[in-house]
Amino acid sequence: MSEEITATPEQEKEIDRQVQALQRGVVEIVPEDAFREKIKKAVVTGQPLKIKLGMDPSAPDVHVGHTVVLHKLRQFQEFGHEIQMLIGDFTGKIGDPSGRSETRKVLTSEQVAENAQTYVEQYGKVLDMDKATLYYNSEWLSQLMFEDVLKLAGNLTVARMLEREDFHNRYTSNQPISVHEFFYPLMQGYDSIAMDTDIEVGGTDQTFNLLMGRQLQEAYGHEKQVALTLPLIEGLDGERKMSKSLDNYIGVDEEPNEIFGKAMSIPDDLMIKYYKLATDVPLADIDQLEKDLADGTVHPRNTKQRLAHKFVAMYHGEKEADDAQRYFQTVFRERALPKDIPEVEWKGQATVPVINLLVELDMQPSKGEARKMIQNGGVKINEEKVNDIKTEVDVEDGMIVQVGKRKFTKLTVSE
RNA sequence: GGAGGAGUAGCGAAGUUGGCCAAACGCGGCGGACUGUAAAUCCGCUCUCUCUGAGUUCGGCGGUUCGAAUCCGUCCUCCUCCA
């Protein structure tokens, strides 16, 4: 940022366009003026910026929460910038400090490669992966000598480390912090040096790590990266951030019907946020939607249905989205039987107690469970509720067994 | 190295003068009703089973006792503080 770069009026326009678009939806850009400078330089010189996103090398479970960042990267891509996808295969060996630091099992390079491939596939639902570059941080981190590590660590004080929110919280509440956890942000920062990153993106929980990159880059005489943080999105419970371990997520790799249903189960209040952060619906349209919702012009259910449709379409395709919507409407709105019910050939007795039927069909894990399910009124045969636990069922070809609202099985009997 | 604290069902958390404990309560999960949806709200279930009874639980093992999650011994694990 030393030499003055001058932009033509047209270039200024383009800079404004990019800055404005890229600022949308972010929580924080640190620092804002450097951000603009970077964009400016890129526009004037035609040299794309390097935008980094780091990821854990363990088995990917990409969900809607992650896509918030991906949608932002997608925007960068559309402006011609270069995406650096960093697989933290070395960092992953150490263990992520933000978790309850269970010792992580070391992945083989085959597993890492496999997981990276899965990332490429799943991220590809939002990003153009052909235009992204994959990096592995073991490439440079494994080369460092202890002396290098000391030099790296020398840039930082314990007090500074403890500024990090989760370290601070743990420290003040007498929770343990392992020394090696301090190296996590250092390594992440070093990655930015190695990759010459211009902008690093991440969720707000990454703020400290992203800033660490700036500090270290400066110490090593590199141009400092800009940190861009995005909101963490709440999961299906509407309370806690979306994550696999809380089982409140919508995975991009899940079945269409599952994605649709899960999307329909998000709290109404969260719909707009999901629209804004996890879809590519233009902001103007979303604003309109918000207005219509507020004055009752549109029905919340329909708005949510559009969102659900959007998700399935993004991750699977339009046709699948239509099918999922149809399925949802028949099963949940009309309480009717869906079109495609999985068929199972019945090979057991012609007459069986319901309880055994459910267990043998694998629709209930045990007879005890099956019994409870019937007592709760959750079992139907040919759309008739089964009231008596002792009911004997005469199995017929085409008989439909239903457990709860969502589990259906059609029996076939061959002579 | 020394001192102290804790380990209860998927999670959190009661219960520790021994029986009324299969174990409160909250969350989560699963059903049902209702509806605007797998929203919200309300109701029921939630250790296992050959289920109106039986079996196995409260970190592990062993003991005291007619009887222990609750008492004793020992081991394991985790945490904190001092050095």
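Numbered from 1 within each chain, the chains take letters A, B, ... in sequence-line order.
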Pairing of Arg17(A) and Glu14(A) as salt bridge, 4.0 angstrom limit = yes
For nucleotides rC66(B) and rG59(B), find the distance between their P atoms and express it as a whole number of Å.
-> 25 Å
For nucleotides rC82(B) and rU16(B), find the distance between their P atoms and express it as a whole number of Å.
-> 32 Å
Pairs touching residues 23-32 of chain A that satisfy salt bridge (charged side-chain N to carboxylate O under 4.0 Å, His left out), sequence neighbours left out = none
Closest-nucleotide ordering on RNA chain B, the 5'-leading residue of Phe260(A) and Asp237(A) = Asp237(A)
For the pair made of CG in Asn302(A) and P in rU35(B), what is the distance, rounded to whole Å?
-> 18 Å
If each of Asp268(A) and Glu369(A) is mapped to the nucleotide of RNA chain B with the nearest heavy atom, which maps nearer the 5' terminus, i.e. the 5' end?
-> Asp268(A)
Give me the residues of residues 323-334 of chain A where at least one heavy atom lies under 4.0 Å from an atom of RNA chain B, by number, or none.
-> Phe328(A), Phe332(A), Arg333(A)
Spacing of Gln305(A) atom CD relative to rA39(B) atom C1', expressed in whole Å = 13 Å
Check against salt bridge (charged side-chain N to carboxylate O under 4.0 Å, His left out), Glu82(A) and Lys50(A) = CA-CA 5 Å; Glu82(A) 182 195 324; Lys50(A) 294 174 186 160; 5.8 Å; no
Considering only NZ, NE, NH1 and NH2 on the basic side and carboxylate oxygens on the acidic side, decide whether Asp253(A) and Lys125(A) come within less than 4.0 Å.
-> yes
Pairing partner of rA13(B), by Watson-Crick or G-U wobble and under 3.5 Å for both distances, is none
P gap between rC58(B) and rC71(B), integer Å | 14 Å
Euclidean distance, atom CD1 of residue Ile389(A) to atom P of rG31(B) [Å, nearest integer] | 18 Å
Hey, are Arg214(A) and Glu200(A) close enough for a salt bridge, meaning a charged N less than 4.0 Å from a carboxylate O?
-> no
For rG73(B) versus rG55(B), give the span between their P atoms, rounded off to a whole number of Å.
-> 32 Å
When the distance from CD1 of Ile250(A) to C1' of rA39(B) is rounded to whole Å, what number comes out?
-> 13 Å
Side chain of Met373(A) (C-beta onward), nearest among rC30(B), rC45(B), rC34(B) | rC30(B)
Could you measure between the two P atoms, the one in rU46(B) and the one in rG10(B), and give it in whole Å?
-> 15 Å
In short, salt bridge (charged side-chain N to carboxylate O under 4.0 Å, His left out) pairs touching residues 314-336 of chain A with sequence neighbours left out are Lys319(A)-Asp323(A), Asp323(A)-Arg326(A)
Gln215(A) and Arg160(A): side chain donor to acceptor below 3.5 Å = yes
For residues 107-122 of chain A, pull every pair meeting salt bridge (charged side-chain N to carboxylate O under 4.0 Å, His left out), keeping only residues two or more places apart or in separate chains.
-> none
Go through the structure and list residues passing salt bridge (Lys or Arg N to Asp or Glu O under 4.0 Å) with Lys72(A), not counting sequence neighbours.
-> none
Set of salt bridge (Lys or Arg N to Asp or Glu O under 4.0 Å) partners for Glu78(A), sequence neighbours left out = Arg74(A)
Close N/O contacts between protein and nucleotides 10-12 of chain B (under 3.5 Å):
none

Given rC51(B), rG36(B), rG32(B), which nucleotide is nearest the side-chain atoms of Pro300(A)?
-> rG36(B)
Would you mind listing every salt bridge (charged side-chain N to carboxylate O under 4.0 Å, His left out) that reaches into residues 239-250 of chain A, with sequence neighbours excluded?
-> Asp205(A)-Lys241(A), Asp237(A)-Arg240(A)
Distance, C1' atom - from rG18(B) to rC25(B), rounded to whole angstrom | 24 Å
Euclidean distance, atom NZ of residue Lys405(A) to atom P of rU35(B) [Å, nearest integer] | 12 Å
Sugar-phosphate, base or nothing in reach of Gly261(A), heavy atoms under 4.0 Å | base
Which of residues 346-368 of chain A sit near RNA chain B, with a heavy atom under 4.0 Å from it?
-> Ser366(A), Lys367(A), Gly368(A)
Members of residues 375-385 of chain A that approach RNA chain B, where some heavy atom sits under 4.0 Å away | Asn376(A), Gly377(A), Gly378(A), Lys385(A)
Once you round it to whole Å, what is the distance between C1' of rU37(B) and NZ of Lys262(A)?
-> 16 Å
For Asn248(A), which contact category applies under a 4.0 Å heavy-atom criterion: base, sugar-phosphate, or nothing?
-> nothing
Can you check whether Arg301(A) has a side-chain N or O nearer than 4.0 Å to OP1 or OP2 of rG36(B)?
-> no
Can you tell me, in whole Å, how much space there is between the P of rG44(B) and that of rC27(B)?
-> 14 Å
Taking the P atom of each, how far is rG63(B) from rU80(B), in whole Å?
-> 36 Å
Contacts of Lys131(A) meeting salt bridge (Lys or Arg N to Asp or Glu O under 4.0 Å) (sequence neighbours excluded), chain-then-number -> Asp128(A)
Check: Tyr136(A) ring centroid to Phe90(A) ring centroid under 6.0 Å = no
Does the base of rU35(B) carry an N or O that pairs as donor and acceptor with the side chain of Arg335(A) under 3.5 Å?
-> yes
Who pairs with Asp16(A) by salt bridge (Lys or Arg N to Asp or Glu O under 4.0 Å), at least two apart in sequence or on another chain?
-> Arg36(A)
Among side-chain atoms of Thr330(A) and Lys339(A), is any donor-acceptor pair under 3.5 angstrom?
-> no
Ser138(A)-Asp89(A) side chain donor-acceptor pair, cut-off 3.5 Å | yes
Integer-rounded Å distance: rU37(B) P and Arg406(A) CZ | 16 Å
Whole-Å distance, Lys304(A) NZ to rG36(B) C1', equals 9 Å
